[in-house]
2 protein chains.
Amino acid sequence: MNWNAISFDWNHVRAFLATVEEGSLSAAARATGQTQPTLGRQVAALEEAIGVTLFERVGRSLTLTTSGAQLVDHVRAMGEAANRISLAASGQSQSIEGLVRISASDVLSAYQLPPVIAQLRDRAPGIEVEVVSSNAISDLLRRDADIALRHIRPEQPELIARKLADSDAYLYATPDYLARVGNPKVVDDLKAANFIGYGAPDEMLPHFVAMGLPLTRDNIRYHSDSGVVGWHMVRQGLGIGVMSEHVAALTPDIVRVMPGLPPVSFPTWLVSHRELITSSRIRLVFDHLAKMLG
Amino acid sequence: MNWNAISFDWNHVRAFLATVEEGSLSAAARATGQTQPTLGRQVAALEEAIGVTLFERVGRSLTLTTSGAQLVDHVRAMGEAANRISLAASGQSQSIEGLVRISASDVLSAYQLPPVIAQLRDRAPGIEVEVVSSNAISDLLRRDADIALRHIRPEQPELIARKLADSDAYLYATPDYLARVGNPKVVDDLKAANFIGYGAPDEMLPHFVAMGLPLTRDNIRYHSDSGVVGWHMVRQGLGIGVMSEHVAALTPDIVRVMPGLPPVSFPTWLVSHRELITSSRIRLVFDHLAKMLG
DNA sequence: TCCAATTCATGCATTTATGTATAGGTGATC
DNA sequence: GATCACCTATACATAAATGCATGAATTGGA
């Protein structure tokens with residue numbers, strides 16, 4: 001190995017990568033927990049060391065030079081290798097004490113996870129649990145969480161997934177609200193009802209249509225990014241919402257809309273990283289979640 | 001990107017890599033131009049940062065732990081990415097001044113390269129040339145050289161190779177030595193002659209046999225790793241040696257053995273790295289070598 | 001068994017890098 | 001066009017890493 005060729009400061013490469021990814025020295029400083037002068041000096045030092053001008057200093061912002069752009073792919077590869085080192089190192093941990101981060105949708109996090117974690121506390125009191133309540137998908141690859149609960153099967157080969165039991169979802173509302181819309185008996189009776197959307201309304205509508213409901217965009221008057229907020233709208237009598245029967249069973253004063261309507265079945269996947277699952281701490285939480293939710 | 005996961009000191013990863021590759025902290029320090037205490041502290045800091053004991057300190061030497069061994073692949077990948085950054089950065093250099101390192105066999109380096117470099121000096125006086133005279137093959141991938149002259153076609157896809165003219169090699173000796181072995185006229189007359197081997201004798205013998213010479217291992221009494229040293233043995237009348245006609249033509253007082261014997265033809269390849277050849281300085285030297293030696 | 005060579009660990013002075021505070025400049029918005 | 005928000009660059013005091021010198025321990029060979 002010719003060590004001289006790679007004798008530039010590797011931390012400066014990370015500074016360059018962070019600056020490219022975050023868009024500015026200041027943003028990179030915020031993201032990495034360093035300061036803007038430090039990042040600026042590190043990038044300048046890297047330019048000096050490898051003899052390539054990476055950024056064009058024009059006005060308030062930096063733009064990549066063409067030379068710099070041709071290095072970015074290799075720099076990203078270096079960052080990904082660093083990430084794999086971090087993953088593998090975490091996977092080597094055989095300590096039964098320490099942090100495990102679980103990512104799940106906010107509904108799962110709020111209604112189903114707490115009792116499961118309570119049982120885990122009795123079984124492994126040394127484990128610290130952080131619930132990353134997020135409806136975004138890309139948590140595991142970004143290393144924001146160690147274990148994720150998802151409703152779609154992950155495709156990445158570096159992830160391992162275990163399918164839990166399928167759940168059934170039904171339409172729910174308050175008796176009060178149902179009376180207000182005339183106690184619907186057939187799907188056509190729902191044409192005048194309000195439906196609660198989780199996420200963007202355009203995203204939710206196809207699911208309702210797939211259930212055989214004759215709805216249009218106008219039926220979704222109230223919506224929220226948060227499933228918990230949406231469910232609270234249902235509980236306040238603002239409209240009809242979809243919910244898994246497990247969560248609905250935990251909610252008093254809520255009734256099923258048209259009990260004859262067939263349910264929507266959806267899967268739940270327990271996901272982790274191939275290299276992380278070798279950690280006995282993460283493995284223990286993974287198996288506990290599989291047993292309790294499966 | 002979760003920057004927190006890769007917030008360990010990346011230079012410490014290089015220290016770990018160097019220690020694994022070189023076998024000890026002291027050897028790594030010598031190889032990387034740092035000191036042994038620095039390397040030791042860096043590896044210890046990395047262990048602390050990622051929570052993995054990398055080395056077992058037993059006696060005077062360190063041995064990888066199983067945990068450490070499982071990180072090595074990822075660490076190597078990071079080093080290779082760093083190497084590609086270095087390559088790409090060198091390739092971005094559009095400066096016509098600076099160092100270009102040429103790797104070639106010692107015979108080529110000593111007899112054929114100097115006049116070519118003299119012409120290059122007149123054409124591009126700002127270019128500094130280092131001739132890495134080595135019979136080892138793996139120079140370009142180790143980044144010991146920017147351009148290499150080889151007699152076998154390189155197979156790696158990241159290398160680019162241009163074939164130069166084929167050369168003819170003949171047997172040579174001093175008239176004095178030929179008289180001593182009875183001025184051989186047919187190949188069977190060579191059975192009692194001494195042949196000079198370049199490299200290991202077992203490696204050289206098959207080439208002589210392929211030329212149709214009825215030789216055994218006993219015919220190779222004098223040999224050297226260095227082709228230049230071997231050729232000087234021929235010039236001193238120690239035996240018969242193979243040499244390209246170009247080099248032999250530069251050597252006075254040497255005659256061809258049995259002029260009727262057909263030559264051995266061998267190719268010469270000019271090789272560089274795909275990412276390096278984009279450097280105008282390296283490109284210029286590459287093209288000059290191709291023109292002068294082709 | 002002893003000696004020489006080589007290894008890793010530690011104390012200390014010096015060099016180097018970092019953060020804080022601040023100045024200077026640019027682009028978007030009202 | 002003035003203001004605001006945001007960016008980068010620089011000076012200086014402090015914190016951190018490095019190299020040197022040295023010590024302690026182990027291996028291999030005479």
Side-chain angles (χ1 to χ4, degrees), chain A residues 1 3-4 6-50 52-65 67-69 71-72 75 78 82, chain B residues 1 3-4 6-50 52-65 67-69 71-72 75 78 82:
Chain A
M1 180 81 73
W3 299 102
N4 195 48
I6 52 174
S7 64
F8 51 85
D9 193 309
W10 286 17
N11 290 325
H12 296 175
V13 176
R14 178 181 49 202
F16 172 52
L17 175 60
T19 306
V20 171
E21 297 276 342
E22 303 292 335
S24 74
L25 292 173
S26 302
R30 283 191 298 271
T32 60
Q34 293 181 289
T35 62
Q36 168 264 317
T38 298
L39 272 289
R41 283 182 287 232
Q42 287 187 345
V43 170
L46 181 64
E47 289 180 319
E48 171 76 16
I50 66 177
V52 173
T53 302
L54 299 168
F55 289 111
E56 194 83 35
R57 272 87 172 165
V58 50
R60 80 176 184 187
S61 70
L62 309 179
T63 55
L64 268 175
T65 62
S67 296
L71 292 182
V72 166
V75 167
M78 198 171 170
Chain B
M1 179 83 72
W3 298 102
N4 195 49
I6 52 174
S7 64
F8 52 84
D9 193 309
W10 286 16
N11 290 325
H12 296 176
V13 175
R14 178 180 50 204
F16 173 52
L17 176 60
T19 307
V20 171
E21 297 276 343
E22 303 293 334
S24 74
L25 291 173
S26 302
R30 284 191 296 271
T32 61
Q34 294 181 289
T35 61
Q36 168 265 317
T38 296
L39 271 289
R41 285 183 286 233
Q42 288 187 344
V43 170
L46 181 64
E47 290 180 317
E48 170 76 18
I50 66 177
V52 173
T53 302
L54 299 168
F55 290 112
E56 195 84 35
R57 271 88 173 166
V58 51
R60 83 175 181 187
S61 70
L62 309 179
T63 55
L64 266 176
T65 62
S67 296
L71 292 182
V72 166
V75 168
M78 198 170 167

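In what follows, every chain begins at residue 1, and chains take the letters A, B, ... in the order their sequences are listed. Note: hydrogens, waters and symmetry copies are ignored here, and every other heavy atom, side chains too, is used.
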_Does A/V20 form a side-chain contact (heavy atoms from CB on, under 4.5 Å) with A/V75? I'd like the steps, not just the answer._
CA-CA 10 Å; A/V20 171; A/V75 167; over 6 Å; no

*Between D/dC6 and A/S24, is there an OP1 or OP2 to side-chain N/O distance shorter than 4.0 Å?*
no

*In whole angstrom, give the distance that lies between atom CG of B/L39 and atom P of C/dC8.*
9 Å

*Return no unless some side-chain N or O of B/R30 is found under 4.0 Å from OP1 or OP2 of C/dT6.*
no

*By side-chain hydrogen bond (donor to acceptor under 3.5 Å, both in side chains), which residues pair with A/S26, not counting sequence neighbours?*
none

*asked:* Whole angstroms only, please: what is the CG-C1' distance between B/N11 and C/dA17?
replied: 12 Å

Side-chain donor-acceptor pairs of residues 32-40 of chain B under 3.5 Å, sequence neighbours excluded:
unit_1	atom_1	unit_2	atom_2	d
B/T32	OG1	B/A28	O	2.8
B/T35	OG1	B/T38	OG1	3.0

*How would you list, by chain and number, every residue that makes a salt bridge (Lys or Arg N to Asp or Glu O under 4.0 Å) with A/E48, sequence neighbours excluded?*
none

*Within residues 20-44 of chain A or reaching into it, pairs that qualify as ring pair (Phe, Tyr, Trp, His ring centres under 6.0 Å) - sequence neighbours excluded*: none

*asked:* Walk along nucleotides 9-17 of chain D from 5' to 3' and tag each nucleotide B, S or - by protein heavy-atom contact under 4.0 Å, base first, then sugar-phosphate.
replied: BBB------

*side-chain hydrogen bond (donor to acceptor under 3.5 Å, both in side chains) with A/N4: which residues, sequence neighbours excluded?*
none

*Within residues 14-42 of chain B or reaching into it, pairs that qualify as ring pair (Phe, Tyr, Trp, His ring centres under 6.0 Å) - sequence neighbours excluded*: B/F16-B/F55

*How many Å lie between CD on B/E56 and P on D/dT26, as a whole number?*
15 Å

*Looking at residues at least two apart in the chain, or sitting in another chain, which of them share a side chain to side chain contact (heavy atoms under 4.5 Å, CB included) with A/A27?*
A/E22, A/S24, A/R30

_Let me check the geometry of the helix from C/dT1-D/dA30 to C/dC30-D/dG1. What is the bend angle between the axes at its two ends, five pairs each, to 10°?_
40°

*Could you tell me the separation between the CD atom of B/Q34 and the C1' atom of C/dT16, rounded to a whole number of Å?*
13 Å

